[in-house]
2 protein chains.
Amino acid sequence: MTKPKQEPLIDLCRQRGLRITGQRRVILQVLDAADDHPNVEELHRRVGQREPGVNIATVYRTMNKLAELGLIERHMFGDGRLRYEPAPDEHHDHLINVETGEVIEFRSDEIERLQEEIAQKYGFEIVSHKLELYVKPRKTR
Amino acid sequence: MTKPKQEPLIDLCRQRGLRITGQRRVILQVLDAADDHPNVEELHRRVGQREPGVNIATVYRTMNKLAELGLIERHMFGDGRLRYEPAPDEHHDHLINVETGEVIEFRSDEIERLQEEIAQKYGFEIVSHKLELYVKPRKTR
DNA sequence: GTCAGTGCAAAGAATTTGCAATTAG
DNA sequence: CTAATTGCAAATTCTTTGCACTGAC
């Protein structure tokens, strides 16, 4: 959805000096191909389709490493499991359909601005933020 | 902070037909007295000060029951543990100081309105939402 | 060659659950 | 009386870790 073409993760990893192993290559491909917000179990499943035998601990470790480097973003939506998405060029927020679990990305410059204002009012600066709208389809009568 | 006097939880529980046991009474007192967002371990600690011997499983079960009934709200801030606050009369959002862990409540009608607008634009209605600003003290100068 | 990365199984951390005993209503 | 609640320990679920081995650079 909000997914402009950008440099593949594998190149970013090389730049940062990570070793490109077979397992890692597949994990990065899966991440690049994802346009949703999979959790580790789902990632592991997708990796397994391309290359069986990759241990889930490796997926966990890779995600942690990528998150440390800021190459992916971690989320915790309603279900209590970590989910990931390749770091977007521009920040966006999430709208979660509670009936289907579907996640839609959106962005509101106006809300971004108001957030800054609020933080400032309290004497802080924003490190990061998270706005999640849990929604259901509108009954159009 | 944003904590207008309201009906004690114990009365709300009676109205909903929950049995008031000794353990539950203490837990509810602790919740009523809290003006922060404690996790279960912290609640259990506070309960233990008033009445030793209450099992932490009881605290978990009670919090789940209260949340089901909408008498308290669950949050998951940065640290991956569930936290609770008595359900406020009016919705508010949170500003979390990442350096101290302190949580400040705030409300912006304008942001609320923009959220509605966005949900509507996508054809949804909001079930609930969560806005969290992770902040740090502003370096003045 | 060296050290980051991996698999595996075991450990952790947070939360839930089965069950027998207790107790509020 | 009896169905809800509790304590306790065991089970679940998700994630991390120790360690010996492998392989990228």
Side-chain angles (χ1 to χ4, degrees), chain A residues 9-31 37-48 50-69 71-84 101, chain B residues 9-31 37-48 50-69 71-84 101:
Chain A
L9 282 170
I10 193 166
D11 293 336
L12 298 172
C13 284
R14 283 214 179 82
Q15 289 167 26
R16 303 305 198 91
L18 295 192
R19 289 188 180 173
I20 307 302
T21 66
Q23 297 91 321
R24 202 165 265 178
R25 190 190 316 278
V26 178
I27 294 171
L28 297 175
Q29 285 170 357
V30 166
L31 280 170
H37 305 71
N39 59 36
V40 171
E41 188 182 0
E42 173 63 17
L43 285 168
H44 182 235
R45 203 187 56 70
R46 294 184 195 176
V47 167
R50 306 192 185 212
E51 171 79 18
V54 178
N55 197 282
I56 198 168
T58 299
V59 180
Y60 272 107
R61 279 190 275 231
T62 302
M63 300 316 280
N64 284 339
K65 184 137 288 189
L66 296 178
E68 273 169 33
L69 298 178
L71 302 181
I72 59 175
E73 278 186 6
R74 313 173 71 155
H75 298 291
M76 264 279 296
F77 297 145
D79 66 351
R81 316 174 53 155
L82 292 170
R83 297 165 146 230
Y84 298 89
Chain B
L9 281 171
I10 193 165
D11 293 337
L12 298 171
C13 285
R14 283 215 178 81
Q15 290 167 27
R16 302 304 199 91
L18 294 192
R19 289 190 180 174
I20 306 302
T21 65
Q23 296 91 321
R24 204 165 264 178
R25 189 191 316 280
V26 179
I27 293 171
L28 297 175
Q29 285 171 356
V30 166
L31 281 169
H37 306 70
N39 60 34
V40 171
E41 189 182 1
E42 173 63 17
L43 284 168
H44 182 235
R45 204 186 55 70
R46 294 184 195 175
V47 166
R50 305 193 186 212
E51 171 79 18
V54 177
N55 196 284
I56 198 167
T58 299
V59 180
Y60 272 108
R61 279 190 275 232
T62 302
M63 300 316 280
N64 284 340
K65 185 137 288 188
L66 296 178
E68 273 169 33
L69 297 178
L71 302 182
I72 58 175
E73 279 186 6
R74 314 171 70 152
H75 298 291
M76 263 279 295
F77 297 144
D79 66 351
R81 315 174 54 155
L82 293 170
R83 297 165 147 230
Y84 299 89

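Just so we're clear, the structure is a prediction, and the values are computed from it rather than from any experiment. Labels below follow one simple rule: chain letters A, B, ... track the order of the sequence lines, proteins then strands, and each chain is numbered from 1.
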Quick one: A/R16 CZ to C/dA4 P, roughly how many Å, whole number?
17 Å
Whole Å only: how far is the CG atom of A/N64 from the C1' atom of C/dA4?
16 Å
Pick one: which of A/T58, A/N64, A/V59 meets side-chain contact (heavy atoms from CB on, under 4.5 Å) with A/T62?
A/T58
Below 4.0 angstrom from OP1 or OP2 of C/dA4, is there any side-chain N or O of A/K65?
no
Separation of D/dC14 atom P from A/R74 atom CZ, nearest Å, is 15 Å
From B/D11 CG over to B/I20 CD1, what is the distance, rounded to the nearest 0.5 angstrom?
8.5 Å
Could you tell me the separation between the CG atom of A/N55 and the C1' atom of D/dT15, rounded to a whole number of Å?
12 Å
Contacts of B/E42 that satisfy salt bridge (charged side-chain N to carboxylate O under 4.0 Å, His left out) - sequence neighbours left out:
B/R45, B/R46
D/dT5, D/dT15, C/dT6: which one has an atom nearest the side-chain heavy atoms of A/V40?
D/dT15
Could you state the CZ-P distance from B/R25 to D/dA4, rounded to the nearest angstrom?
20 Å
I need the CE-P distance between A/M63 and D/dT16, as an integer number of Å.
11 Å
Between C1' on C/dT17 and CD1 on B/I56, what's the gap in Å once rounded to a whole number?
15 Å
Base, sugar-phosphate, or nothing: which does B/N39 touch, judged by heavy atoms less than 4.0 Å apart?
nothing
Nearest whole Å is fine: how far is D/dA4 P from B/L69 CG?
14 Å
Which nucleotide sits closest to the side chain of B/L82: D/dT6, C/dT15, C/dG7?
C/dT15
Does B/Q23 make a side-chain N or O approach to OP1 or OP2 of D/dG7 shorter than 4.0 Å?
yes
Nearest heavy atoms of A/M63 and A/L31, plus distance in Å:
CE-CD2, 3.6 Å
What nucleotide among C/dA14, C/dT6, D/dT15 has an atom nearest to a side-chain atom of A/R24?
C/dT6
Least distance between heavy atoms, A/L9 atom then A/L28 atom
CB-CD2, 3.9 Å
Looking at CZ of B/R25 and SG of B/C13, how far apart are the two atoms once the value is rounded to the nearest 0.5 Å?
11.0 Å
Short N-O contact, A/R81 and A/E41, less than 4.0 angstrom:
yes
Does a nitrogen or oxygen in the side chain of A/Y60 sit under 4.0 Å from OP1 or OP2 of D/dT16?
no
With the sugar-phosphate defined as primed atoms, P, OP1 and OP2, and the base as all remaining atoms, what B/S/- string results for nucleotides 18-25 of chain C, 5' to 3', for protein heavy atoms under 4.0 Å?
B----BBS
